[in-house]
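In what follows, every heavy atom counts, from backbone to side chain, and hydrogens, waters and symmetry copies are set aside.
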Amino acid sequence: MAAEAEVLDELHRLRARVPQLTGALAASVDGLVLAHDTPGVEPEGLAALTAAALGVAVRMTDAAGRGDLRELLLRGDQGYVATYAAGSSAVLTLLTQDRVNVGRLHLEGRRAGGRIGELVDALPRPDEQPAAGARSATRNAARSVARTANGASGTNGTTAAASPQAPAKATVRSTMPRRTPRATTPRPTPRTTPNTPTTSES
């Protein structure tokens, strides 16, 4: 990729600016090699060890309340191993001779890390494409269901969505007992007779 070639060019320029550099490696924070210029050193192993060292260093800075990790410097009998943050997802690891100027090393390493970080952060992330594909598949499935529902009902989506409720209401009505009105018979009206005098027989 073009960005990886630019990262490799930046490593070459860095080694030219700092003659005491014996190797330079750009890797992701999880140990994947992005570009390297490390003669005599296996880049995959160095990237994996860098990721492991970063894990411990991040925990140390967090426990000490020093904020986010910016750089890590190790010194051995034959030189230094310096690691610098390169954007949000990469690191820059430099191998140097023992007689390197540490101040110059930090200056050049920080600048190169910033430029490499810009290049790496501009790359598309691998997890974005599956997510976009999943969203597209979800939309296609929803459209397919809508088309199927429209074809079954022969109307728009609103009518198709409301149609399944009709059988449920009919079922509820059919299971409820119906009250039949009680038959009422008209009461006979009492016959009235005009008042007549009554006589009693003795």
Given the rule in the side-chain contact (heavy atoms from CB on, under 4.5 Å) test, do T50 and V29 qualify, once you have shown the distances and angles that lead to the verdict? CA-CA 8 Å; T50 298; V29 293; over 6 Å; no

[atom1] of [X] to [atom2] of [Y]: how many Å apart, nearest 0.5 Å?
X    : Y   : atom1 : atom2 : value
Y80  : L74 : OH    : CG    : 11.0 Å
R111 : L92 : CZ    : CG    : 14.0 Å
E42  : L49 : CD    : CG    : 9.5 Å
T22  : Q97 : OG1   : CD    : 6.5 Å

Decide side chain to side chain donor-acceptor pair (under 3.5 Å) for T83 and T93; before the verdict, give the C-alpha distance in whole Å, the side-chain angles of both, and the deciding distance to 0.1 Å. CA-CA 4 Å; T83 299; T93 297; 3.3 Å; yes

[X] versus [Y]: any side-chain heavy-atom pair under 4.5 Å?
X    : Y   : answer
V58  : D68 : no
T96  : V18 : no
V56  : M60 : yes
D98  : D77 : no
L105 : L94 : yes
H106 : E71 : yes

Within 6.0 Å of CZ in R59, more than 12 heavy atoms from elsewhere: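 No.
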
Is [X] linked to [Y] within one hydrophobic cluster, defined over Ile, Leu, Val, Met, Phe, Trp and Tyr using a side-chain heavy-atom separation of less than 4.5 Å?
X    : Y    : value
L34  : L119 : yes
L46  : V33  : yes
L14  : I116 : yes
V102 : Y84  : yes
L25  : L21  : no

Non-hydrogen atoms of [X] and [Y] that approach each other most closely:
X    : Y   : value
D121 : S88 : OD1-OG, 3.2 Å
A27  : A47 : CB-CB, 3.9 Å
V120 : S89 : CG1-OG, 3.8 Å

Determine whether a donor-acceptor pair (N or O, by modelled atom type, separation under 3.5 Å) exists between the side chain of R15 and the backbone of R13.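 No, because the side chain of R15 does not come within donor-acceptor range (under 3.5 Å) of the backbone of R13.
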
Under 3.5 Å, is there a donor-acceptor pair between the side chain of R110 and the main chain of R70?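 Looks like no, no N/O pair under 3.5 Å.
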
When you look at V7 and E10, which way does the side-chain contact (heavy atoms from CB on, under 4.5 Å) test go after all the steps? CA-CA 5 Å; V7 172; E10 182 61 34; 5.6 Å; no

Please name the residue in the list E6, E4, H12 that meets the side chain to side chain contact (heavy atoms under 4.5 Å, CB included) test with L8. H12

